[in-house]
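Below is one structure, written out as structure tokens; comments come after it.
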Amino acid sequence: MTTITITTEYIKLQDLLKFAAIASTGGEAKIMVQEGQVTVNGEVCTQRGRKIRPGDDVCANGAHYTVSYAD
């Protein structure tokens, strides 16, 4: 599992996908989410603007990512 560190309260799902280099563009992230290729906390998520907060688990392309606050 890879940890993504943020300095804000949350990060939007599509932005996380771009930040983690899972998707190269916002359009690619949008398609991945709309086609149900991404899960958040074990459930398929089709809301690309979903707020991902520290402790959430995101899975895409067979890789798991978790979000934490920067120290």
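Along the sequence shown, residues are numbered consecutively beginning with 1. Keep in mind that this is a model prediction, so the values were computed, not measured.
Val40 and Tyr10 fall into different hydrophobic clusters, where Ile, Leu, Val, Met, Phe, Trp and Tyr are joined by side-chain heavy atoms under 4.5 Å apart, directly or via other members. Note on Tyr69: it clusters hydrophobically with Ile11, by side-chain heavy-atom contacts below 4.5 Å among ILVMFWY residues.
Minimum interatomic distance between Cys45 and Leu13 (heavy atoms only, all atoms of both residues): SG-CD2, 3.9 Å. Closest approach of Pro54 and Ser68 over heavy atoms only: CB-CA, 4.0 Å. Across all non-hydrogen atoms, the minimal contact from Lys18 to Gly26 is CD-N, 3.4 Å.
Atom NZ of Lys12 has 12 or fewer neighbouring heavy atoms from other residues, nucleotides or ligands inside a 6.0 Å radius.
A salt bridge is defined here as a Lys NZ or Arg NE, NH1 or NH2 lying under 4.0 Å from an Asp or Glu carboxylate O, and Arg53 with Asp56 fails to meet this definition.
The NZ atom of Lys30 sits 9.0 Å away from the CD atom of Gln14 when rounded to the nearest 0.5 Å.
With Leu17 as the partner, the side-chain contact (heavy atoms from CB on, under 4.5 Å) test is satisfied by one option alone out of Asn61, Ile52, Thr25, Val38: Val38. Applying the side-chain contact (heavy atoms from CB on, under 4.5 Å) test between Ile6 and each of Leu16, Asp15, Val67 identifies Val67 as the sole match.
Proximity of Tyr65 to Ile22: side-chain heavy atoms (C-beta onward) are separated by under 4.5 Å at one or more points.
For the pair Asn41 (side chain) and Asp57 (backbone), a donor-acceptor distance under 3.5 Å is present.
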